[in-house]
There are 2 protein chains.
Amino acid sequence: MTQRAGGRPPVTRRVLDILGAFSAEHPALSITQIARRAGLPLSTAHRLTGELTCWGALERDAGGLYRVGLRLFEVAALAPRGPALREAAMPFLEDLYEATHENVHLAVLDGLEVVYIERISARDAVHVFSRVGGRWPAHATGVGLAMLAHSDRDLQERAIAAPLRRFTDRTIASGPRLRRALAEVRRTGVAISDGQVETFALSVGAPVFGPDDTVVAAVAIVVPNTGWDARSLTPVVRASARGISRALGAPRAVRPPETAMHDR
Amino acid sequence: MTQRAGGRPPVTRRVLDILGAFSAEHPALSITQIARRAGLPLSTAHRLTGELTCWGALERDAGGLYRVGLRLFEVAALAPRGPALREAAMPFLEDLYEATHENVHLAVLDGLEVVYIERISARDAVHVFSRVGGRWPAHATGVGLAMLAHSDRDLQERAIAAPLRRFTDRTIASGPRLRRALAEVRRTGVAISDGQVETFALSVGAPVFGPDDTVVAAVAIVVPNTGWDARSLTPVVRASARGISRALGAPRAVRPPETAMHDR
């Protein structure tokens, strides 16, 4: 936790650190756990948790443990890069889902990581690690490569220079390889991530653009890589990304496909 | 805003009031608007908003306005009555969606209001007012009636005694009528709300139960009431609600339909 020079952190920070104490691995916490994970004295944790619970940002379950509350969900539903984006994208995601009945992802970029905004999965779809609200390194995913390739040059160079975590033998784990992969995404209009996170999963992603023509999200289909050919999924994923971009008011989505015109 | 006797409200409360200043009608706010809506001096609003933005709970858009941030979306994704519930329900909601290609709702009860956790809508579905994270009075909706009918007796009596807002000629707007409607829901296993919110929309809802056998959510199909018969939707909505209950570990979902046994 960041401390102010010679003093305690501001209360805002302590309140937010309590919220940040909850994670996918630890969605239910006791006061003692909250205090330890947020780095706060027990009495402070007790008082602030009480105030958060009173407002509805936290809830107490039947076993007395604290969990993230419904009121926080309501406020977070207003996040433009969360549910608001999802709302515009949903009809297109549904169409993508019906095309394959596997997994469909919608994600945004936060630094060098993607954050999943939506996931539609069939009951018997190929298993994927993604989770709504979850993060994953951008270089290893179809949605991440699709967004990185269209991000500003500085961010791309940061990604190429960064240590790239390897998940499988096929993960893009070197800067030069990532540079080539990003160029390929710009050339073809889609990002194909085959066996990069799990050896058996194939992801085909495409970038979504906003009203100012910058990349704001990416959409992807994730299928088992046995029985599916990335080329057969490319047109539907590109069409879906263009449809979402158009719904968001992106100028390029009303022009003919840009990549096909000058790169091919 | 609640004030402590003779003093300023606690900082936690002021931080939360800043978050609460954002709404569906006002998703983007200037510092001046934040200060006014949260009832704070401009200097305080400025400082706290800065701290919230630094953490990622708020974000500044290209026009300099503040919006709810991605980090808050990530934390809120851990809410057990929000995305965690949605995750368990999603495959069943997809099946429901494919049965009609109209609107599918998943909601929870908060006092006498429902909060929508998920909405799947076709591009050309009948228009509905629901919004993920949005609230609506329980007595007027299929999901709300389904949950109220299986809530504890005290809450039901509070709902029956409360003023019931009328949206159309067909809204259940009297206590005795609500009491009969709730009994009917328990008898049939589904809640049918026909033209109660908008004259042209028909909602068929069913309750979802949790591991302790209490009602935790409801699912509904919303279709135009011309061309659809509620009776034709009843089996699929009931089956879906039972499927979600079973996925959540509800004991009654593994027994035969309970309402059909002793109420008929």
Side-chain angles (χ1 to χ4, degrees), chain A residues 10-17 19-20 22-24 27-28 47-48 51-52 54-57 59 61-62 67-84 86-87 90-92 94-95 97-98 101 108 110 115-117 119-123 131-135 212, chain B residues 10-17 19-20 22-24 27-28 47-48 51-52 54-57 59 61-62 67-84 86-87 90-92 94-95 97-98 101 108 110 115 117 119-123 125 131-135 212:
Chain A
V11 179
T12 312
R13 183 56 195 259
R14 286 184 272 159
V15 167
L16 295 171
D17 282 335
L19 297 182
F22 293 84
S23 68
R47 178 172 53 81
L48 298 180
E51 291 170 7
L52 284 163
C54 181
W55 191 78
E59 290 177 355
D61 68 16
R67 294 171 177 270
V68 175
L70 190 62
R71 183 80 189 274
L72 210 63
F73 171 74
E74 290 181 63
V75 174
L78 304 169
R81 295 211 290 162
R86 175 194 169 281
E87 190 83 352
M90 201 65 185
F92 299 94
E94 284 299 331
D95 292 348
Y97 174 74
E98 296 200 19
H101 286 89
V108 298
D110 192 46
V115 175
Y116 291 97
I117 300 302
R119 187 186 90 173
I120 305 179
S121 297
R123 243 187 298 260
R131 177 183 64 76
V132 170
R135 286 178 174 265
D212 63 354
Chain B
V11 179
T12 312
R13 183 57 195 260
R14 287 184 271 159
V15 168
L16 295 171
D17 283 335
L19 297 181
F22 293 85
S23 69
R47 178 172 52 81
L48 297 181
E51 291 171 6
L52 284 163
C54 181
W55 191 78
E59 289 176 355
D61 68 17
R67 294 171 177 269
V68 175
L70 190 62
R71 183 79 189 274
L72 210 63
F73 170 75
E74 290 181 62
V75 174
L78 303 170
R81 295 211 290 162
R86 175 194 168 282
E87 189 82 353
M90 201 63 185
F92 299 94
E94 284 298 332
D95 292 350
Y97 174 74
E98 295 200 19
H101 286 89
V108 299
D110 192 45
V115 176
I117 300 302
R119 187 186 89 173
I120 305 179
S121 298
R123 243 185 301 256
R131 177 182 65 76
V132 170
R135 285 179 175 264
D212 61 355

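In what follows, chains are A, B, ... by sequence order, proteins preceding strands, each numbered from 1.
Comparing B:Gly134, B:Ser23, B:Gly56 by heavy-atom pairs within less than 4.5 Å of chain A, the highest count is held by B:Ser23. Per-residue counts of heavy-atom pairs under 4.5 Å with chain B were compared for A:Ala57, A:Pro80, A:Ala28, A:Gly69; the largest is that of A:Pro80. In terms of heavy-atom pairs under 4.5 angstrom with chain B, the leader among A:Val115, A:Asp61, A:Val108, A:Asp212 is A:Val115. Contacts with chain A were tallied for B:Val15, B:Leu70, B:Leu72; B:Leu70 has the most, counting heavy-atom pairs under 4.5 Å.
Residues B:Ile117 and A:Phe73 form a side-chain contact, since some pair of their non-hydrogen atoms from C-beta on lies under 4.5 Å apart. Inter-residue side-chain proximity for B:His101 and A:Glu94 is flagged as unmet; no heavy-atom pair is nearer than 4.5 Å. Between B:Leu78 and A:Arg67 the shortest side-chain heavy-atom distance does not fall below 4.5 Å.
For the pair A:Ala77 and B:Gly133, the tightest heavy-atom approach, listed with the atom from each and the gap, is CB-CA, 3.8 Å. Between A:Met90 and B:Arg119, the shortest heavy-atom distance links the atoms CG-O, 4.5 Å.
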Worksheet entry | Intermediate values then yes/no, side-chain contact (heavy atoms from CB on, under 4.5 Å), B:Arg135 and A:Glu74 | CA-CA 9 Å; B:Arg135 285 179 175 264; A:Glu74 290 181 63; 2.6 Å; yes

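Both the backbone and the side chain of A:Val132 come within less than 4.5 Å of a heavy atom in chain B. If you measure heavy-atom distances from A:Val75 to chain B, the contacts under 4.5 Å come from both the backbone and the side chain.
Separating the CZ atom in B:Arg47 from the OG1 atom in A:Thr12 is a distance of 6.0 Å, to the nearest 0.5 Å.
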